[in-house]
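Remarks on the structure that follows.
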Amino acid sequence: MNPSLKIFLTIFCYISGVMGVVTAVLHAGDQPAHTTAAVIAGTLGVVFLFAGIALSRRPRH
């Protein structure tokens, strides 16, 4: 994979993950709470964070 593309995707995944978690917290704190939207946003946020972690790891040799 092209190193520049990998760096871009890693940064994109981290930003998307953080925004997903923040959106989940905001939806959960609404009155009345938007539980479905909060769960979906939180799940996507965690998935993107794990993808960012996986992309930023160095390969084992």
Search all heavy atoms of [X] against all heavy atoms of [Y] and return the closest pair with its distance.
X     : Y     : value
Asp30 : Leu26 : OD1-O, 3.2 Å
Ala28 : Ala33 : O-CB, 3.7 Å
Gly42 : Ala24 : N-CB, 3.4 Å

Check for me, please, whether [X] and [Y] land in the same ILVMFWY cluster - side-chain distances under 4.5 Å, paths through other members count.
X     : Y     : answer
Val25 : Val22 : no
Ile53 : Val21 : yes
Ile11 : Leu49 : no

Side chains of Ser16 and Phe12: does their closest heavy-atom pair fall under 4.5 Å? yes
Under the side chain to side chain contact (heavy atoms under 4.5 Å, CB included) test, which residues partner Ile40, sequence neighbours left out? Thr36, Leu44
Which residues pass the side chain to side chain contact (heavy atoms under 4.5 Å, CB included) test with Thr10, not counting sequence neighbours? Lys6, Tyr14, Leu55, Ser56
Separation of Thr43 OG1 from Phe48 CZ (nearest 0.5 Å): 12.0 Å
